[in-house]
Amino acid sequence: MIPAQFEYVAPKTLDEAMSLLAKNPDEAKILAGGHSLIPAMKLRLAMPQMLIDLGRIKDLSYIREDGGRLLIGAMTTHYQLESSDRLRDICPLLPETAGQIGDVQVRNKGTIGGSLAHSDPAADWPAAIIALSAEMVAVKPNGERVIKADDFFVDMLTTALQPGEILREIRITLPQGRVGQAYMKVAQPASGFAVVGVAVNLVRDQGGACTSAGIGITGVASKAYRANGVETALVGSSLDGKAIAAAAAHATDGIDANGDLFASDDYRRHLAQVYTRRAIEAAASRAK
Ligand SMILES: Cc1cc2nc3c(=O)[nH]c(=O)nc-3n(C[C@H](O)[C@H](O)[C@H](O)COP(=O)(O)OP(=O)(O)OC[C@H]3O[C@@H](n4cnc5c(N)ncnc54)[C@H](O)[C@@H]3O)c2cc1C
């Protein structure tokens with residue numbers, strides 16, 4: 001339970017952090033809240049020779065609005081997102097997801113950027129980020145690039161971030177109109193991680209019909225995914241009970257579900273359908 005020896009550096013600017021990482025792309029790792037990285041180092045699953053702590057960089061922790069977009073700094077903690085009154089008004093899916101992560105200590109230290117960059121298959125944020133069709137802004141010394149949520153999660157613990165890149169910001173285009181959002185999960189009782197977690201972001205027209213739907217599912221497979229079949233079935237429907245149940249039946253179409261001691265693959269698939277239906281029902285009833 002003691003990590004291998006490493007050098008610790010705490011740059012005060014993002015430029016300094018980028019340059020340190022660029023000089024040591026294979027040996028160094030970014031430290032955010034440390035709630036995933038430190039346990040991995042203690043188990044010697046990760047043995048970086050250098051930790052670059054982003055915690056002293058002031059301008060990486062923020063929630064801002066820019067026209068119709070929401071900008072979130074990578075070092076924004078789960079608690080900051082959970083407790084934002086403004087987010088409850090304009091994008092309630094974010095505080096609802098944040099409030100279901102781990103416990104108070106985890107939410108106080110853990111960051112949205114750390115969670116996304118870690119890409120744990122049972123993490124909560126990836127489902128919400130996919131449902132919202134967010135964009136991730138990655139930076140390195142010679143520039144930045146924007147990665148769509150659908151392309152960001154590559155596999156278990158693997159993202160599209162390249163060696164030397166730092167996740168700086170998450171951008172979300174705020175949905176307009178009669179928007180309904182919800183996040184529902186079955187939590188693993190010991191860790192709080194999602195056995196199944198379903199994020200829903202939908203819009204209804206004045207008649208009540210669904211004009212757009214974003215459904216992200218975590219916990220089921222080796223990475224969070226977009227439930228395309230559910231989205232297609234929802235759009236154009238009246239979002240009544242029958243239409244929602246029929247759409248939710250597509251929650252695991254084409255997905256190779258994980259099984260473990262806690263939940264078999266069949267049970268996960270079943271939970272995914274049940275929680276997709278419940279989360280869509282909740283989101284549909286909230287669309288004012
Ligand atoms: C007891 C416990 C319970 C938990 N329960 C849940 C839960 O219910 N749901 C859930 O979703 N999560 C849960 N977590 C995980 C928690 O949310 C972590 O905060 C999160 O997984 C990682 O965020 P972090 O800020 O701690 O990142 P760190 O642990 O510091 O970093 C994680 C990884 O991301 C990299 N990284 C971090 N920031 C960046 C960046 N800006 N750019 C590039 N790479 C970066 C690091 O190098 C490292 O590889 C739990 C953790 C614990 C310890």
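Since the model is a prediction, treat every value here as computed from it, not as a measurement. Atoms within each ligand, like the ligands themselves, are counted from 1 in listed order.
- In this model, no donor atom of one side chain and acceptor atom of the other lie less than 3.5 Å apart for S19 and E16.
- Nearest non-hydrogen protein atom to atom 9 (N) of ligand 1 is D124 OD2, 2.7 Å.
- Under a 4.0 angstrom heavy-atom cut-off, M41 registers as lying outside contact with ligand 1.
- Interface of A32 with ligand 1, defined as ligand atoms under 4.0 Å from a residue heavy atom, comprises 25 (O), 27 (O), 30 (O), 37 (C), 38 (N).
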>> Could you walk me through whether S133 and R226 satisfy the side chain to side chain donor-acceptor pair (under 3.5 Å) test, starting with their C-alpha distance in whole Å, then the side-chain angles of each, then the deciding distance to 0.1 Å, before giving a yes or no?
In response: CA-CA 9 Å; S133 298; R226 178 181 296 283; 3.0 Å; yes

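- Not one N or O of I166 is nearer than 3.5 Å to an N or O of ligand 1, by distance alone.
- Atoms of ligand 1 lying under 4.0 Å from any heavy atom of K185, numbered from 1 in the order shown and given with element: 8 (O).
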> Y62 and Q80: side chain to side chain donor-acceptor pair (under 3.5 Å), yes or no, with the steps?
Replying inline: CA-CA 9 Å; Y62 54 83; Q80 286 172 302; over 6 Å; no

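- C91 and L174 get closest at one heavy-atom pair: CB-CD2, 3.9 Å.
- Here the closest non-hydrogen pair linking L167 and L116 is CD2-CB, 4.2 Å.
- Taking each heavy atom of A138 and I147 in turn, the nearest pair found is CB-CD1, 4.2 Å.
- Here the options are V203, D205, L239, the test is side chain to side chain contact (heavy atoms under 4.5 Å, CB included), and the partner is C210; only L239 passes.
- Considering backbone and side-chain atoms together, G113 places no N or O closer than 3.5 Å to any N or O of ligand 1.
- Close N/O approach between G33 and ligand 1 is found [any backbone or side-chain N/O within under 3.5 Å].
- For the side chain to side chain contact (heavy atoms under 4.5 Å, CB included) test with T97, the passing option among L132, D124, L81 is D124; the others fail.
- Near G34, meaning under 4.0 Å from any of its heavy atoms, are these atoms of ligand 1: 24 (P), 26 (O), 27 (O), 28 (P), 29 (O), 30 (O).
- Each of the atoms 19 (O), 23 (O), 24 (P), 25 (O) of ligand 1 lies under 4.0 Å from some heavy atom of T111.
- Numbered from 1 in the order shown, with element, the atoms of ligand 1 that lie under 4.0 Å from a heavy atom of L54 read 41 (N).
- Remark: minimum distance from atom 35 (C) of ligand 1 to any protein heavy atom is reached at A117 CB, 3.9 Å.
- What sits closest to atom 41 (N) of ligand 1 on the protein, heavy atoms only, is L167 O, 2.9 Å.
- Where the criterion is an N or O separation shorter than 3.5 Å, residue side chain and backbone included, A194 fails it with respect to ligand 1.
- Scanning the protein for heavy atoms near atom 20 (C) of ligand 1, the closest one is S36 OG, 3.5 Å.
- At least one N or O atom of H78, backbone or side chain, sits closer than 3.5 Å to an N or O atom of ligand 1.
- In this structure, atom 7 (C) of ligand 1 lies nearest to the protein heavy atom G102 N, 3.3 Å.
- For the residue pair D266/S264, the side-chain donor-acceptor check at 3.5 Å is not satisfied.
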